[in-house]
Amino acid sequence: PGKRRIPLYIEPTVKMEEVDGEELVKKFAEEMEGMLGRKMKSVKRLAEAAEDADLYHEFNATLEFDYYNSMLINSVDKDGNAIELGGEFPLEENEHFNKLQVNTLQSDIQVPTNVYNKDPGILNGVYMSEALNDVFMDNFQKDPTLTWQYFGSATGFFRLYPGIAWTPDENGVVTFDCRNRNWYIQAATSPKDIIIVVDVSGSMKGLRLTIAKHTINTILDTLGENDFVNVIAYSDYVQYVEPCFKGTLVQADLDNREHFKLLVEELQVKGEGKVKKAMKESFKILNEVCGSLCNQAIMLITDGAMEDYEEVFQEFNWPERRVRVFTYLIGREVTFADTVKWIACNNKGYYTHVSTLADVQENVMEYLHVLSRPMVINHDHDIIWTEAYMDSAAQSLLLMTSVAMPVFSKKKETLSHGILLGVVGTDVPLRELMRLAPRYKLGVHGYAFLNTNNGYILAHPDLRPLYKEGKKLKPKPNYNSVDLAEVEWEDTDETLRTAMVKGETGTLSLDVRATVEKGRRVMFLKNDYFYTTINETPFSLGMVLTRGHGEYIFIGNVSVREGLNDLMQPDVSIANEWTYCETDIDPHHRKLTQLQAVFRYLTGKEPDLECDEELLRQTLFDAVVTAPMEAYWTALMLNPSGMDEGVETAFLGTRSGLMRVTRYVGIEKRVAKKFLSPSDKENIFTMDHFPVWYRRAAEYPAGKFLYYIPKEDTRGRDYFLSAPPHTVVIVFLNKLNSNTKGRDYFLSAPTQIQSPWQPPCLATASSDRQRAPLSRRCPEWHPIPYVVHYFCPGFTESHRE
């Protein structure tokens, strides 16, 4: 009831519509805003529940409470009894959560190895946050597309829903600390300007310098793209660890942070420590630059030996104390502790004593809680979104973004102190977000992409964040700090990048060189870019339509009964990575393929499925229009003299993601065993692109043959010494009539297929590697406007064109 359904019978119609790029990008952005808005509502409910739970919880220093520790669940001792903090915790595989073993009825707790799991602070926090279990499940019921939900506590524990068994590293250690994660740090503090000042005088030699370097690296790890930083070393004189950054602050993105770490490792001790000059230099930079809303701090790392310093603060920081000063006393000696503590306490900072390497992590984190106090006192519940990252908690290589929100204490007695309880959040897989910009609406070369207000890519077809090490896939070092200008590199004036960083709405046209076949071939295209902001987020959406094929969409209607009959034939498949029907909402639908879901929806067996009716109409139409090819190819298969020896496969593809494939040779005799299989991502329809043969044929002269030799990877090899090559012969029939205007499709009335056409499977080239003549012509036959292909083994590189 209330749902539009495709009627069983319909008057067949055919039309071509112009694509309005400006309207389309706004529609996509609105749908993404709606999806992300639902995630933000879920996080707000978690924050409210956590604050209310804390308000009514009285701290009990002697509290004893057994909870589910994700490291210990389902573990037993030598007598078969459940160990402490373990207990029975049912787990089952769940398609929605990357096929991991999870418990959707309960969250559990992860505690880092360096935190005592029965500390009174941990026990009270875990007990208090039990109230989140019901909210987790309620959120998941209201929005079944939610993935991981969590609460990261300021004391170090991490409550994760659904509950999982946490896997330690090979040494049995859990290094994951939620307080180090970007979503926690960004939500706990507002953007900040940080100058790290480190003492490299002679007294800092040996272990002290090692601890100091580790402290600097740990501070750098707490910074993100919205922060600005510099590192200054001092002894007899002031030394910028990177002279190019003298007198300024730089964005604390991953590249700059890693660069600083390399330079810090090279620091050597010498001379006498004169902190006065270094502090003056730091205050001058911070007074001149206000890069992140003037939330500023100096991190002073020293063993305490210093000369007169008070007048520096009188001149530059008092009485306003606008810059906080955090001090880290390095080493076991506490002779100068009062001096270092005085500096911090008189400049609204925090003093910590770091005597061993093990102390660094916990002590560095304290500065975040101090910087969060103004937010806590003002109750600024700012929602933050992170850059793209790999979900290590779920042991997944999927790119995610997180939405997070701080949780504050609302108790009257502590309200003026500004106590941060932790951060709540949820993850959003970027693939799910990009499904809202479906491929079929963008055409053969079109695509959509997302970037942040810092210019970094969130999602883009040319973003390849993984590399292969042996048999394992691993994230590249800087996978989440790829700038838009590095991918859309024809934007030489950075017009597109600048506009999207500013959150503007507009259009731009560029002549581009698009690579295919893993960069081995180039296509010259004229692209129209459309871009707009996604409200309530720091993200912008861009969309590309290519002149010609991207400007128009061909639409046809057939009845469901007629379309289903042709769609369910054994030679037909549809793009399983596309969303014809949403199978991730109802758990009962998650095991369905897209073709199964389409069939069950159209036959009325699953009327509650949410399906893209525009895409279904086009798919049914394509199934009907291409049906004669199946009969033709089958006839050739049954007629021994109908097909030349050596042709392995005939296949076609359409804009709706539909493919028809007829195999003339069994898998055991096939040269191209992987070709068109689900693992052959280059040659099938995926979320990121149309098949490479489809894209190349679309730009080929109409009615001409394209000879294409698919290779997994030919770099670094002699092409002729590789495995026996196989060739795809492609004819793209798109300009069959002047009415087609050079666009994707033109439908003529069905005509009788004339004499079977033989693909020109040419002989091996001569030794001088001259091109063999391509003189065969295609006789008149059924002019279906789709890409039609034949496979010919024994075809060599010299015939590629």
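All values below were derived from every heavy atom in this structure, side-chain atoms included, with hydrogens, water molecules and symmetry-related copies excluded. Because the structure is predicted, anything quoted here is derived from the model rather than measured.
With sequence neighbours excluded, the residues satisfying ring-ring contact (aromatic ring centres under 6.0 Å, His included) with His460 are Tyr447, Phe449. Listed by chain and residue number, Asp253 satisfy the side-chain hydrogen bond (donor to acceptor under 3.5 Å, both in side chains) test with Asn256 (two or more places apart in sequence, or in another chain).
Sorted by first and then second residue, the salt bridge (Lys or Arg N to Asp or Glu O under 4.0 Å) pairs with a member in residues 255-269 read Asp221-Lys261, Glu258-Lys261; sequence neighbours excluded. Listed by first then second residue, pairs satisfying salt bridge (Lys or Arg N to Asp or Glu O under 4.0 Å) with a partner in residues 343-362 read Arg179-Glu362, not counting sequence neighbours.
The pair Lys39-Asp143 counts as a salt bridge, with a side-chain nitrogen and a carboxylate oxygen less than 4.0 angstrom apart. Salt-bridge check for Asp52 with Lys410: passed, with a basic side-chain N closer than 4.0 Å to an acidic carboxylate O.
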Exercise. After noting the C-alpha distance and the side-chain angles of Leu450 and Ile534, does the key distance pass the side-chain contact (heavy atoms from CB on, under 4.5 Å) rule?
Worked result: CA-CA 10 Å; Leu450 289 166; Ile534 301 176; 3.6 Å; yes
Exercise. Step by step, would you call Leu399 with Leu463 a side-chain contact (heavy atoms from CB on, under 4.5 Å)?
Worked result: CA-CA 11 Å; Leu399 279 174; Leu463 177 64; 3.9 Å; yes
For this session: Show the numbers, then the answer: is there a side-chain hydrogen bond (donor to acceptor under 3.5 Å, both in side chains) between Ser190 and Asn295?
Result: CA-CA 7 Å; Ser190 53; Asn295 190 12; 2.9 Å; yes
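Considering all non-hydrogen atoms of both residues, Phe408 and Leu421 come closest at O-CD1, 3.5 Å. Closest approach of Leu132 to Ala50, counting heavy atoms only: CD2-N, 3.8 Å. For the residue pair Gly156 and Pro112, the shortest heavy atom distance occurs at O-CD, 3.3 Å. Taking both residues in full, the closest heavy atoms of Ala188 and Val423 are given as N-CG2, 4.3 Å, listed atom of the first, atom of the second, then distance. Across all non-hydrogen atoms, the minimal contact from Ala404 to Val43 is C-CG1, 4.2 Å. Nearest heavy atom pair, residue Leu430 against residue Ala388, reads CD1-CB, 3.8 Å.
Checking Phe176, Tyr161, Trp183 one by one against Tyr150, the ring pair (Phe, Tyr, Trp, His ring centres under 6.0 Å) holds for a single residue, Trp183.
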Identify each donor-acceptor pair in which a side-chain atom of residues 240-252 lies under 3.5 Å from a protein atom, sequence neighbours left out, and give them as a table.
from: Tyr240; atom 1: OH; to: Gly247; atom 2: N; distance (Å): 3.2
from: Tyr240; atom 1: OH; to: Glu281; atom 2: OE2; distance (Å): 2.6
from: Glu242; atom 1: OE1; to: His259; atom 2: NE2; distance (Å): 2.6
from: Glu242; atom 1: OE2; to: Cys244; atom 2: N; distance (Å): 3.0
from: Gln251; atom 1: NE2; to: Glu225; atom 2: O; distance (Å): 2.9
from: Gln251; atom 1: NE2; to: Asn454; atom 2: OD1; distance (Å): 3.2

May I have the list of side-chain donor-acceptor pairs in residues 337-347 shorter than 3.5 Å, sequence neighbours left out?
from: Asn346; atom 1: ND2; to: Trp342; atom 2: O; distance (Å): 2.9
from: Asn347; atom 1: OD1; to: Asn317; atom 2: ND2; distance (Å): 2.9
from: Asn347; atom 1: OD1; to: Trp318; atom 2: NE1; distance (Å): 3.2
from: Asn347; atom 1: ND2; to: Ile343; atom 2: O; distance (Å): 2.8

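Between Leu541 atom CG and Thr532 atom OG1 the span is 7.5 Å, to the nearest 0.5 Å. To the nearest 0.5 Å, the span separating CD on Gln239 from OH on Tyr234 amounts to 13.0 Å.
By the 30° and 60° cut-offs, the orientation of the rings of Phe326 relative to Tyr367 is perpendicular. Ring orientation note: the planes of Trp385 and Phe539 are nearly perpendicular, at an angle over 60° on the 30°/60° scale. Ring geometry, His369 versus Tyr184: the interplanar angle exceeds 60°, so the pair is classed perpendicular (tilted spans 30 to 60°).
Judged purely by atom type and a 3.5 angstrom limit, Asp227 uses its side chain to pair as donor or acceptor with the backbone of Lys192. Using a distance-only test at 3.5 Å, with no hydrogens or angles considered, a donor-acceptor pair links the side chain of Thr401 to the main chain of Thr386. In this structure, the side chain of Asn124 engages the main chain of Asn60 through a donor-acceptor pair within 3.5 Å.
With a 4.5 Å cut-off on side-chain heavy atoms, Gln149 and Val135 do not count as touching. In this structure, the side chains of Tyr328 and Met299 come closer than 4.5 Å at one or more pairs of heavy atoms.
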